[in-house]
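See below for the structure under consideration.
Numbers for residues simply follow the sequence, beginning at 1.
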Amino acid sequence: MNAPRRHAVALAASLLAATTAYAQQTGSTGTQQLDTVVVTGIRASLESALNAKRNERGIVDVVKAEDIAKFPDTNLAESLQRVPGVVIDRDAGEGRNITVRGLGADFTRVRINGIEALATTGGTDSSGGANRSRGFDFNVFASELFSSLTVRKSNQADIDEGSLGATVDLQAARPLDFKRFVATASAKAKYNDLSGETDPRVAFLVSNTFANNTLGVLVSGAYSKRRLFEEGFSTVRWDNGASSGGWCAPTGVTNNPSNSTATTCGPAAQGVPRVTGNADTIAAYNLARNAANFHPRLPRYGRLTHEQDRLGLTASAQWKPSSDTLVTLDLLYSKLDATRQEDFLQAISFSRTAGAGGKPQTSVLETSYAANGALLFGRYNGVDIRAESRFDELTTTFTQPSLTVEHQFSDELRASVRLGQAKSKFRNPVQTTTTLDALNVNGYAIDFRGNDRLPVISFPFDVTSATGPLQIVGIPQVASGTQPNTIANTTSSEVRIRPQGANNVNEVGQIDLAWEPSSDLALKGGVQHKRYAFDTYEFRRVNQNDTIFAPASGMAGLTTQLTGFGKGMNLPAGSATGWVNPNLSAIAAAYDIYCNCIKSGPAGGPGDFTLSSITNGNARGNNRKVVETDQGGYLMAEFSQSPLGFRIDGNFGVRYVKTEQVATGYQAAAGGTEVTTVNRYTDTLPALNLSASPTKDTRIRFAAAKAMARPQLGNLNPGGSISTTGTLSVTSGNPFLKPFRAKTYDLNFEYYQGRTAFVGVGLFRKDIETYIQSLRTNVAFKDTGLPMSLLPANFTGDEIFQITQPVNTPGGKLEGFEINVQQPLSFLPGIGRHLGVLLNYTQVKSKITYLVSPTSSSVIVDDLINMSPKSANATLYYDDGTFSARVSASKRSSFLTRVPGQNNNDVEGKNSSTNVDMSLSYKWDKNLDFTLEGVNLTNEANDQFISRARNSVVVNHVTGREFLVGMRYKF
């Protein structure tokens with residue numbers, strides 16, 4: 001119910017509702033302020049949206065709450081996916097980021113109550129990990145805090161720069177929107193069928209006005225808890241037969257590794273026997289070592305246990321001291337507390353070299369491969385098996401105060417002033433990984449022949465036994481002499497400790513003026529000052545191998561059991577449904593791992609749990625910051641004319657902005673040398689929007705603009721490494737990158753049938769002029785922008801260095817079309833007249849030429865990162881005023897996440913997905929509603945792949961279906 005209505009609003013309200021409503025809020029659209037439309041039903045919301053859409057100049061889509069504090073979806077991103085051209089990416093089964101018309105989260109800007117904001121949190125490694133980008137994490141916020149979402153697809157001079165995809169406006173409710181006392185409360189219980197947990201979700205809103213509607217106060221809040229399992233199979237990429245030094249050769253074949261003896265893989269002291277060479281084992285070895293054949297690097301079963309607590313609060317106060325003045329204070333607070341436990345049972349040999357006891361110690365007994373090179377079956381000796389457990393504590397705290405003052409000096413002239421700060425603080429104070437290991441196991445097998453996404457894995461021992469082979473493999477502690485930090489040719493057990501965090505702060509000050517000399521012409525202008533500050537940090541152990549000594553008191557109490565794995569996954573008979581796991585709390589206590597000190601042995605050794613940051617080569621790259629100061633202004637004219645006998649509405653303007661970026665990072669020299677650089681550039685961005693009305697039921701819209709998006713934050717890092725001996729070289733980010741720049745064009749055709757039906761077709765094209773990729777160039781050091789202090793005293797700066805860093809490269813064209821249909825089925829007999837459908841389809845095409853490596857001329861021509869070439873949404877709804885229902889399906893085709901791919905692969909990406917949700921609502925009376933909702937009804941998998949040709953599985957996880965039952969009361 002919820003979702004359909006607001007989805008409908010979103011699709012239908014597409015173009016105008018959002019811009020008009022926002023213009024009202026900014027006080028910059030004309031002399032007449034528009035009242036907020038409170039939508040109370042699916043059909044009413046569609047009609048409201050279409051009425052607004054007819055008169056809009058730009059190209060927008062909007063999603064509105066059906067009623068007070070009643071947003072249709074449980075997640076903002078999942079609401080946005082109903083909008084044509086918008087697709088989402090999920091973490092832990094919940095929408096996290098959006099892509100608009102093929103352009104990912106880095107190219108989409110988000111404003112909350114008119115203030116640009118960036119909220120970030122942490123995710124699984126396969127979902128991008130901790131967010132250190134410009135992409136907005138929508139899962140930080142409860143959907144109940146907002147009354148509307150607006151997706152602005154066309155640029156206007158009075159809309160902030162920084163987006164190639166879209167600008168998304170999130171608007172919270174305000175008291176003078178209602179002009180009376182309103183209060184509402186809702187409570188729901190949510191059940192997940194995979195974890196078996198039931199969790200609460202509650203929300204409220206109270207608003208009132210006083211003194212003849214000249215003063216208003218509103219407060220709202222929402223709290224939800226979410227506990228779920230994420231289970232399945234993953235591989236952490238695939239690699240070919242020659243990788244990591246290749247396999248151990250059978251006897252009678254040329255030694256591999258080269259230091260093997262006649263009977264052992266590698267040195268005799270290692271004691272890993274070679275298999276006997278015969279026709280079968282030699283054929284299997286030759287097949288497996290073929291560089292065209294690929295195997296999983298870390299094949300593993302895994303369970304991730306997610307727990308989240310999300311609290312959101314808003315407050316708004318409005319004062320209208322006269323009919324010409326309105327003062328609005330908005331406050332927003334959100335806190336997302338989460339823990340995530342990741343438990344894996346895996347084979348680690350296939351991704352490791354001889355020095356770590358990896359592939360060169362592993363013998364191939366039997367194997368077969370598909371014609372495309374994908375492993376079908378393999379049985380091996382000398383495989384290291386690991387039970388790995390990682391625990392994260394994650395917190396995001398978001399705060400935003402903003403003040404808006406609007407004043408009308410006369411019938412023709414008005415102004416507004418807006419001040420605000422949006423601050424997002426992400427903390428990951430605990431990220432700890434512990435392992436149990438079983439070395440050189442014989443008879444391990446993996447079989448993809450029955451299912452290429454979920455293989456049968458055979459472990460040749462009892463993986464549930466606390467006294468079995470899975471133990472803590474510690475470094476032997478010596479009483480005298482040099483204490484080794486590792487075991488030669490062996491991967492020992494580890495304790496990894498990696499606390500980290502990130503801060504994002506947006507500060508905005510803006511003044512706008514509007515002069516409307518006639519009803520057909522308005523002139524607008526404004527100036528804006530923005531300051532964006534980003535910083536991130538990470539600590540890791542001084543012992544960069546993360547090794548530990550054997551437990552002083554033995555293994556008793558240091559393990560725990562995982563049980564019940566694979567529910568509903570149709571695991572083949574004999575598959576592991578549980579395994580022995582490290583007990584983190586017990587290990588932490590036994591080793592005192594959080595002491596930040598040396599417990600035993602020498603500095604940097606297995607007993608050293610001291611943490612370091614800038615001086616730590618493994619952590620240094622995640623210590624950096626960027627401060628951007630943007631100063632700009634715009635001039636724009638809005639007009640309405642009838643030069644051809646029909647009405648044409650439009651606007652034309654120019655925005656000018658000057659950007660100054662101060663980037664700080666750390667070069668590896670001298671254990672970490674701070675480097676700060678300054679880069680400045682300017683952009684002049686014209687924009688045109690036209691809306692023609694050949695008949696009262698048709699609209700033709702055209703938009704053209706220049707747009708820019710600033711470079712990814714990670715690419716601006718001036719830190720890296722420098723070599724001043726041998727080959728002179730620098731590897732780093734590039735703080736002097738120019739922004740992404742593009743020319744954008746839109747053409748929309750719209751036909752309105754009556755009050756609630758609509759058909760629209762939109763064509764769009766973006767000529768992306770600059771892209772960013774890594775290249776190697778030869779440059780005099782003095783021209784790199786790096787400080788001379790990094791060079792030895794005898795260097796002059798004229799020396800030529802090989803510089804490997806991201807640079808601006810040619811982009812490419814992105815083009816596509818959207819079809820949007822909204823149709824009530826009121827012509828049907830009986831109850832059929834209460835039905836309706838919402839349909840949209842988007843197709844996007846873009847080819848980018850990717851360089852395979854900084855030093856190679858080879859290229860890969862493929863899709864833009866994060867772009868699904870096809871996406872579609874379908875909603876069937878029923879609404880008779882008392883009972884409403886809807887079923888919605890959202891589909892996106894496969895898309896790429898990395899080009900070129902890692903480990904000798906061309907690409908990495910995610911396969912297509914279809915998510916189905918439903919909602920039912922029954923209105924008991926005018927105050928009380930009962931609801932039933934279902935989310936992810938098909939238990940759609942997060943299916944990630946590597947290689948276009950093989951489509952080899954990287955992640956295949958499910959999170960279960962969710963069902964919510966609840967009630968809502970309006971006072």
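- Under the side-chain hydrogen bond (donor to acceptor under 3.5 Å, both in side chains) criterion, T314 pairs with S220, not counting sequence neighbours.
- Rounded to the nearest 0.5 angstrom, D160 CG and R152 CZ are separated by 10.0 Å.
- Minimum interatomic distance between L513 and A415 (heavy atoms only, all atoms of both residues): CD2-CB, 3.3 Å.
- One distance of note links CZ of F204 with OH of Y223; it measures 14.5 Å at 0.5 Å rounding.
- Of the inter-residue distances, the one linking L331 atom CG with L313 atom CG reads 10.5 Å to the nearest 0.5 angstrom.
- The shortest distance between side-chain heavy atoms of Q171 and T150 does not fall below 4.5 Å.
- Annotation: side chain of E116 is not in contact with side chain of D630 (no heavy-atom distance under 4.5 Å).
- Here the closest heavy-atom approach between residue E818 and residue P84 is recorded as OE2-O, 3.6 Å.
- A distance of 5.5 Å separates NZ of K524 from CG of D158, quoted to the nearest 0.5 Å.
- The shortest side-chain heavy-atom distance between L332 and F146 falls under the 4.5 Å cut-off.
- For F749 and Y751, the ring centers are positioned 6.0 Å apart or more.
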**OP:** With side chain to side chain donor-acceptor pair (under 3.5 Å) as the test, would you mind laying out the steps for Y532 and N504 before giving the verdict?
**Re:** CA-CA 7 Å; Y532 167 60; N504 292 275; 2.5 Å; yes

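- A salt bridge does not link K530 to E628: none of the charged side-chain nitrogens sits closer than 4.0 Å to a carboxylate oxygen.
- Considering only heavy atoms from C-beta on, D177 stays 4.5 Å or farther from L218 through its side chain.
- Under the 3.5 Å distance criterion, with hydrogens and angles disregarded, a donor-acceptor pair is assigned to the side chains of S316 and D330.
- Side-chain contact, E750 with Y752: a donor N or O sits under 3.5 Å from an acceptor N or O.
- Side chain of D879 to backbone of G881: a donor-acceptor contact under 3.5 angstrom is found.
- Residues F398 and F141 bring their aromatic ring centres within 6.0 Å.
- Here the closest non-hydrogen pair linking L635 and G525 is CD2-CA, 4.1 Å.
- Contact of the V217 side chain with the N208 side chain is not registered, since no non-hydrogen atoms from C-beta on lie closer than 4.5 Å.
- No side-chain donor-acceptor contact under 3.5 Å links S693 to the backbone of K696.
- Here the shortest heavy-atom pairing between F646 and A692 reads CE1-CB, 3.8 Å.
- R109 places a side-chain N or O within 3.5 Å of a backbone atom of E161 that can act as its donor or acceptor partner.
- Across every non-hydrogen atom of P643 and I648, the tightest pair is CG-CD1, 4.0 Å.
- Side chain of S186 to backbone of R968: no donor-acceptor contact under 3.5 angstrom is found.
- A donor-acceptor pair is defined here as one N or O able to donate and one able to accept, closer than 3.5 Å; no such pair exists between the side chain of S642 and the backbone of G645.
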With a cut-off of 3.5 Å and sequence neighbours excluded, list every side-chain donor-acceptor pair involving residues 650-658.
residue, atom, partner, partner atom, Å
N651, OD1, N689, ND2, 3.2
N651, ND2, Q156, OE1, 3.2
R655, NE, A157, O, 2.9
R655, NE, I159, O, 3.3
R655, NH2, A157, O, 3.3

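- Once rounded to the nearest 0.5 Å, the distance linking CG of L403 with CD1 of I115 reads 9.5 Å.
- For the residue pair N840/N873, the side-chain donor-acceptor check at 3.5 Å is satisfied.
- Between D746 and R101 there is a salt bridge, with a side-chain nitrogen of the basic residue lying less than 4.0 Å from a carboxylate oxygen of the acidic one.
- Ionic pairing of D925 and K923 is not present here: no N-O contact between side-chain nitrogen and carboxylate oxygen is shorter than 4.0 angstrom.
- Between the side chains of Q510 and D512, at least one donor-acceptor pair of N or O atoms lies under 3.5 Å.
- Shown are I112, V110, L76; of these, the side chain to side chain contact (heavy atoms under 4.5 Å, CB included) with V168 is made only by V110.
- Side-chain polar atoms of R57 and S691 form no donor-acceptor pair below 3.5 angstrom.
- Here the side chains of L326 and Q318 are in contact, with some heavy-atom distance below 4.5 Å.
- Here the CD atom belonging to E507 is positioned 9.5 Å from the OG1 atom belonging to T629, to the nearest 0.5 angstrom.
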Original post:
Can you check side chain to side chain contact (heavy atoms under 4.5 Å, CB included) on E78 and I88, steps first, answer last?
Top reply: CA-CA 7 Å; E78 288 156 12; I88 69 174; 3.8 Å; yes

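- Under the rule for a side-chain hydrogen bond (donor to acceptor under 3.5 Å, both in side chains), S224 has no partner lying at least two apart in sequence or in another chain.
- For D324 (side chain) and H407 (main-chain N/O), no donor-acceptor pair under 3.5 Å exists by modelled atom type.
- Side-chain N/O atoms of N506 and Q421 include no donor and acceptor closer than 3.5 Å.
- Taking the ring-ring contact (aromatic ring centres under 6.0 Å, His included) definition, one finds that F764 meets it with nothing, sequence neighbours left out.
- When atom types are taken as modelled, the side chain of S334 and the backbone of V140 share a donor-acceptor pair closer than 3.5 angstrom.
- Residues V759 and Q753 have side chains in contact (heavy-atom distance under 4.5 Å, counting atoms from C-beta outward).
- A side chain to side chain donor-acceptor pair (under 3.5 Å) with D137 is found for one member of T120, T396, N97 and no other, namely N97.
- Remark: the backbone N or O of S921 is not paired with any side-chain donor or acceptor of T931 at under 3.5 angstrom.
- Between Y922 and W924, the angle of the ring planes goes over 60°, which puts this pair in the perpendicular group of the 30/60° scheme.
- Residues E516 and E638 fail the side-chain proximity criterion, which asks for heavy atoms closer than 4.5 Å.
- Side-chain N/O atoms of T875 and S888 include a donor and acceptor closer than 3.5 Å.
- With sequence neighbours left out, T695 forms a side-chain hydrogen bond (donor to acceptor under 3.5 Å, both in side chains) with T698.
- Side-chain atoms of N139 and N75 form no donor-acceptor pair, as typed in the model, at a separation below 3.5 Å.
- In this view, N213 and T209 satisfy the side-chain hydrogen bond (donor to acceptor under 3.5 Å, both in side chains) rule, not counting sequence neighbours.
- For the residue pair A705 and N155, the shortest heavy atom distance occurs at CB-CB, 3.7 Å.
- Looking only at distances, a side-chain donor or acceptor of T214 sits under 3.5 Å from a matching main-chain atom of A211.
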Subject >> Worked check of side chain to side chain donor-acceptor pair (under 3.5 Å) between S640 and R647 >> reply: CA-CA 7 Å; S640 297; R647 184 183 179 95; 3.3 Å; yes

